[in-house]
A.B. asks: 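Structure below; questions to follow.
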Amino acid sequence: MKKFDIILIGAGPAAINFSIATQGSDKKILAIDGDKFGGTCPNYGCEPKIFLEGAVRNALSSQLLQNRGIAQASTIDWNSLMKTKKATWKNMPAAQEMGFKNLGIDTLHGYAKFVDNHTVKVNGEQYQADKIVIATGQKPRKLNFPGSEYTHNSNDVLDLDNLPERTVFIGAGIVSMEMATLLAAAGSKVSIVEFLSRPMMAFSEKHVMNTVEDMKKRGIDFYFNQGVSEIKKNDDQYEVTTSAGTKLTADYVVDASGRIANVDKLGLENTDVQLSKRGSIIVDDYLETNAKGVYAAGDVIEKKQPALVPTAHFEATYLGDQLVNDKHDPIHYPIIGASAFTFPQVAQVGVSVDEARDNDEYTVVDMDHMFNTDMEYAGKNDQSAKLSLVYNKQNQLVGAAESSQNAIDDLNGIIPLIGLKITKEQLNNSYQLIFPAVNFKTEFMG
């Protein structure tokens, strides 16, 4: 049996940042992964998605400006775009693994299965450590209904060589809305079937539905309050039947019903680790599980914070510092923004706009009128942009939500104001923003 001080199960963003936090220590650490080193984000998720979104956003922006100074709008060449994406990310797993090795971390390919609280078996061999960190992230959910075997997941979409003529997405969460934006912009006829009354329930209804209306104008069809009950294969096509009796014909069907904790191969039944009702790992304020010395970080854990790469980075950096320096300080999360790379983008941070509208402790200010006269938005022909701000009784900005072409960049500028609890007076007296962003300052705090 080989022994280490710390074993990392998973080699994605959480494990990477944990390793960086332990750099320079004398701890003997092993990182194990049964898939590609680097995890979901650089291989199957956010990084290639944002890469594709860059081309899509520019194409859609040019289409809004056709006959407003742009003579010929751009179109997406999906095959060329995907070929470029694959070439760009071809060497990512090897580079990510080398990153671990450069930090002095041993690496091992294979699925780790717990034998007991401090022992795992990989490829028939056992490895032991006093501290084990589970950082296996999430994986796509797979619904079970007649014909579900014909569905693909978001990983497949981000590796799709040829653009389907007609695509049906099951579910309208963040991943589905982003993937639908990509494929529709490239020319696929996209339909989205959602069991709930609207998409992306974690986001402000006003701003989500604002983006939905723009997506509809671009030809994306939505079918709310109905799930998929059956898929039948007819030659090279598929007939998708919903619970409301709607029948849709597709060349490609994507199960984008959500993501679940990637724990099924870990053998947690051999440990004291407990799972939530949703199947995520339960941890305390120190990210420790019910099994003493076994920790978890990243999307695999049960938490109220958004399951995002920045959250995983923060948790892993905290945990690495705690374990290497033998600390025992509870984790305190910072303000973390969330976004969807749709078109328009949707972003939010802090106190929920929807919840604040029904709470006398907060005041919601809708700033939509600001965009009507803003020269930057007029120049982009972004006519549907909407922004809402949340203030508390102390006149501090505590929440924001936006739907616009620039929503993510705009809210990234707001996040520090919320995190530092800056008042209107402090903002007005402390700095002057670059014009024309000065308009934002006047509206935010005036």
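When reading the values below, keep in mind they use all heavy atoms of this one structure, side chains included, and skip hydrogens, waters and symmetry mates.
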A.B. asks: So how far is it from Ser74 OG to Asn58 CG, rounded to the nearest 0.5 Å?
C.D. replies: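 Atom-to-atom, Ser74:OG and Asn58:CG are 7.5 Å apart.
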
A.B. asks: For Thr317, is there any backbone N or O sitting under 3.5 Å from a side-chain donor or acceptor partner on Asp321?
C.D. replies: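 Absent.
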
A.B. asks: Enter the distance from Lys139:NZ to Asp35:CG here, rounded to the nearest 0.5 Å.
C.D. replies: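 Taking NZ in Lys139 and CG in Asp35, the distance rounds to 11.0 Å.
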
A.B. asks: Heavy atoms only: give me the nearest Ala21-Gly320 pair and the separation to one decimal.
C.D. replies: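 Heavy-atom minimum between the residues: CB-CA, 4.0 Å.
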
A.B. asks: Not counting sequence neighbours, list each pair that qualifies as a ring pair (Phe, Tyr, Trp, His ring centres under 6.0 Å) and has a residue in residues 121-142.
C.D. replies: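 Qualifying pairs: none.
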
A.B. asks: Would you say the side-chain atoms of Gln274 pair up with the backbone N or O of Asn290, donor to acceptor, closer than 3.5 Å?
C.D. replies: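 No, because the side chain of Gln274 does not come within donor-acceptor range (under 3.5 Å) of the backbone of Asn290.
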
A.B. asks: Quick one: does Arg259's side chain get under 4.5 Å of Ser154's, heavy atoms only?
C.D. replies: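 Yes; the side chains approach each other to less than 4.5 Å.
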
A.B. asks: What pairs of residues pass the salt bridge (charged side-chain N to carboxylate O under 4.0 Å, His left out) test when at least one of them lies in residues 204-219, not counting sequence neighbours?
C.D. replies: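 Sorted pair list: Lys206-Asp366, Lys206-Asp368, Glu213-Lys216.
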
A.B. asks: Apply side-chain contact (heavy atoms from CB on, under 4.5 Å) to Asp77 and Asn79, showing your working.
C.D. replies: CA-CA 6 Å; Asp77 181 341; Asn79 297 86; 3.9 Å; yes

A.B. asks: Take Gln405 and Tyr377, measure what side chain to side chain donor-acceptor pair (under 3.5 Å) needs, and give me the verdict at the end.
C.D. replies: CA-CA 8 Å; Gln405 291 184 36; Tyr377 281 80; over 6 Å; no

A.B. asks: In the structure I gave you, are the side-chain heavy atoms of Asp5 and Ile29 within less than 4.5 Å of one another anywhere?
C.D. replies: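 They are not in side-chain contact.
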
A.B. asks: For a 4.5 angstrom cut-off between non-hydrogen side-chain atoms, does Asn406 reach Lys380?
C.D. replies: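 Side chain of Asn406 against side chain of Lys380, heavy atoms only: contact under 4.5 Å found.
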
A.B. asks: Using side-chain hydrogen bond (donor to acceptor under 3.5 Å, both in side chains) as the criterion, list what pairs up with Gln396, not counting sequence neighbours.
C.D. replies: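 Residues passing side-chain hydrogen bond (donor to acceptor under 3.5 Å, both in side chains) with Gln396: Asn392.
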
A.B. asks: Is the distance from the ring center of Tyr318 to that of His332 below 6.0 Å?
C.D. replies: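 No, the ring of Tyr318 stays outside the 6.0 Å limit from the ring of His332, centre to centre.
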
A.B. asks: If you look only at pairs with a residue in residues 180-209, which of them pass as a ring pair (Phe, Tyr, Trp, His ring centres under 6.0 Å), with sequence neighbours excluded?
C.D. replies: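 Found none.
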
A.B. asks: Check the pair Leu52 / Leu81 against side-chain contact (heavy atoms from CB on, under 4.5 Å), numbers first and verdict last.
C.D. replies: CA-CA 7 Å; Leu52 298 175; Leu81 180 60; 3.5 Å; yes

A.B. asks: Please check this pair: side chain of Ser403 against backbone of Val346, looking for a donor-acceptor N/O pair closer than 3.5 Å.
C.D. replies: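 Here the side-chain-to-backbone pair does not exist.
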
A.B. asks: For residues 253-300, which residue pairs qualify under ring pair (Phe, Tyr, Trp, His ring centres under 6.0 Å), counting only residues two or more places apart or in two chains?
C.D. replies: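 Applying ring pair (Phe, Tyr, Trp, His ring centres under 6.0 Å) to every pair that reaches into residues 253-300, excluding sequence neighbours, yields Tyr286-His328.
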
A.B. asks: Measure the shortest side-chain to side-chain distance between Asn155 and Pro140 over non-hydrogen atoms and say whether it is less than 4.5 angstrom.
C.D. replies: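 A side-chain contact under 4.5 Å exists here.
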
A.B. asks: Quick one: does Glu402's side chain have a donor or acceptor within less than 3.5 Å of a partner on Ile408's backbone?
C.D. replies: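 Looks like no, no N/O pair under 3.5 Å.
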
A.B. asks: Can you run down the ring pair (Phe, Tyr, Trp, His ring centres under 6.0 Å) pairs that involve residues 142-194, sequence neighbours left out, and say none if there aren't any?
C.D. replies: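 Only Tyr150-Tyr238, His152-Tyr252 qualify under ring pair (Phe, Tyr, Trp, His ring centres under 6.0 Å).
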
A.B. asks: Taking the side chain as every heavy atom from C-beta outward, state whether Phe341 and Leu182 have any pair of such atoms under 4.5 Å apart.
C.D. replies: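 No - every pair of side-chain heavy atoms lies 4.5 Å or more apart.
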
A.B. asks: For the OH atom on Tyr362, are there more than 12 heavy atoms of other groups (residues, nucleotides or ligands in this structure) within a distance under 6.0 Å?
C.D. replies: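 Open: at most 12 neighbouring heavy atoms sit under 6.0 Å from OH of Tyr362.
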
A.B. asks: What is the minimum heavy-atom distance between Pro306 and Thr311, and which atoms define it?
C.D. replies: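 Taking every non-hydrogen atom into account, O-OG1, 2.8 Å.
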
A.B. asks: Nearest 0.5 Å, what's the NZ-CD distance between Lys303 and Glu315?
C.D. replies: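 Separation between the atoms: 3.5 Å.
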
A.B. asks: Examine distances only and state if a side-chain atom of Thr84 and a backbone atom of Ser80 form a donor-acceptor pair shorter than 3.5 Å.
C.D. replies: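 Confirmed, Thr84 side chain pairs with Ser80 backbone.
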
A.B. asks: Do Val168 and Ile231 come within less than 4.5 Å of each other through their side chains, counting heavy atoms only?
C.D. replies: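 The answer is no; the side chains never approach within 4.5 Å.
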
A.B. asks: Would a distance-only check, ignoring hydrogens and angles, find a side-chain to backbone donor-acceptor pair under 3.5 Å from Thr136 to Val263?
C.D. replies: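 The answer is no, because no donor-acceptor pair under 3.5 Å joins these two groups.
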
A.B. asks: Using the side chain to side chain donor-acceptor pair (under 3.5 Å) rule, take Glu97 and Thr107 through it: C-alpha gap first, then chi angles, then the decisive distance, then the call.
C.D. replies: CA-CA 7 Å; Glu97 184 173 4; Thr107 62; 2.8 Å; yes

A.B. asks: On a heavy-atom basis, which atom in Asp33 and which in Phe37 lie closest, and how many Å separate them?
C.D. replies: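 Here Asp33 and Phe37 meet closest at CB-CE1, 3.8 Å.
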
A.B. asks: Which residues pass the side-chain contact (heavy atoms from CB on, under 4.5 Å) test with Gln126, not counting sequence neighbours?
C.D. replies: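 With neighbours one apart ignored, the set is Met1, Val115, Thr119, Lys121.
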
A.B. asks: Quick check: closest heavy atoms across Thr181 and Met177, and the distance to 0.1 Å?
C.D. replies: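 In terms of heavy atoms, the two residues are closest at OG1-O, 2.8 Å.
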
A.B. asks: Nearest 0.5 Å, please: how far is CG in Leu411 from CD1 in Ile418?
C.D. replies: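 One finds 7.0 Å between CD1 of Ile418 and CG of Leu411.
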
A.B. asks: Check whether Trp89 reaches the backbone of Asn43 with its side chain - one donor and one acceptor, N or O, closer than 3.5 Å.
C.D. replies: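 Not a single qualifying donor-acceptor pair exists.
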
A.B. asks: Keeping to residues at least two apart or across chains, list the salt bridge (charged side-chain N to carboxylate O under 4.0 Å, His left out) pairs with something in residues 150-164.
C.D. replies: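 Those involving residues 150-164 are Lys85-Asp159, Lys86-Asp159, Lys86-Asp161.
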
A.B. asks: Quick one, His109 with Asn123, criterion side-chain contact (heavy atoms from CB on, under 4.5 Å). Give me CA distance, side-chain angles, the key distance, then yes/no.
C.D. replies: CA-CA 9 Å; His109 290 262; Asn123 302 328; 5.6 Å; no

A.B. asks: Do NZ/NE/NH1/NH2 and the carboxylate oxygens of Asp251 and Arg166 come within less than 4.0 Å?
C.D. replies: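 So Asp251 pairs with Arg166 through a salt bridge.
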
A.B. asks: Do Ile281 and Ile134 come within less than 4.5 Å of each other through their side chains, counting heavy atoms only?
C.D. replies: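 They are in side-chain contact.
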
A.B. asks: May I ask you to check whether Asn153 and Tyr44 show a side-chain donor-acceptor distance below 3.5 Å?
C.D. replies: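 There is no such pair between these side chains.
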
A.B. asks: So does Gly45 get a backbone contact from the side chain of Thr40, meaning a donor-acceptor N/O pair under 3.5 Å?
C.D. replies: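 Side chain of Thr40 to backbone of Gly45, a donor-acceptor pair under 3.5 Å: no, none is there.
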
A.B. asks: Would you list the pairs meeting salt bridge (charged side-chain N to carboxylate O under 4.0 Å, His left out) in which at least one residue belongs to residues 185-194, sequence neighbours left out?
C.D. replies: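 For residues 185-194, and leaving out neighbouring residues, the salt bridge (charged side-chain N to carboxylate O under 4.0 Å, His left out) pairs sorted by first residue read Lys189-Asp221.
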
A.B. asks: Quick check against the 3.5 Å criterion: does Ser176 have a side-chain atom that pairs as donor or acceptor with the backbone of Gly171?
C.D. replies: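 A pair under 3.5 Å: yes.
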
A.B. asks: Evaluate the side-chain proximity of Ile9 to Phe114: yes if any heavy-atom separation is below 4.5 Å, no if none is.
C.D. replies: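 Phe114 reaches Ile9 side chain to side chain.
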
A.B. asks: Enumerate the salt bridge (charged side-chain N to carboxylate O under 4.0 Å, His left out) contacts for residues 277-300, please, sequence neighbours excluded, ordered by first and then second residue.
C.D. replies: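 Pairs touching residues 277-300 that pass the test: Arg278-Glu302.
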
A.B. asks: Closest approach of Ile76 and Ala59, non-hydrogen atoms and distance?
C.D. replies: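 Smallest interatomic distance, heavy atoms only, reads CD1-CB, 3.7 Å.
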
A.B. asks: Just jot down the side-chain hydrogen bond (donor to acceptor under 3.5 Å, both in side chains) partners of Lys36, sequence neighbours excluded, or say none.
C.D. replies: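 Expected list: none.
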
A.B. asks: Is atom NZ of Lys2 surrounded by more than 12 heavy atoms (other residues, nucleotides or ligands) closer than 6.0 Å?
C.D. replies: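 Counting neighbours around NZ of Lys2, 12 or fewer heavy atoms of other residues, nucleotides or ligands fall under 6.0 Å, so no.
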
A.B. asks: Under the side-chain contact (heavy atoms from CB on, under 4.5 Å) rule, collect the residues that match up with Asp255, sequence neighbours excluded.
C.D. replies: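 Testing Asp255 for side-chain contact (heavy atoms from CB on, under 4.5 Å), a comparison that skips the adjacent residues, returns Lys142, Leu143, Thr151, Ser257.
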
A.B. asks: Is there a side-chain contact (heavy atoms from CB on, under 4.5 Å) between Leu64 and Leu60 once you walk through the steps?
C.D. replies: CA-CA 7 Å; Leu64 285 176; Leu60 293 178; over 6 Å; no

A.B. asks: Please check this pair: side chain of Asn17 against backbone of Ala312, looking for a donor-acceptor N/O pair closer than 3.5 Å.
C.D. replies: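 Here the side-chain-to-backbone pair does not exist.
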
A.B. asks: Minimum heavy-atom separation for Leu323 to Lys131, with atom names?
C.D. replies: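 Smallest interatomic distance, heavy atoms only, reads CD1-CB, 4.4 Å.
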
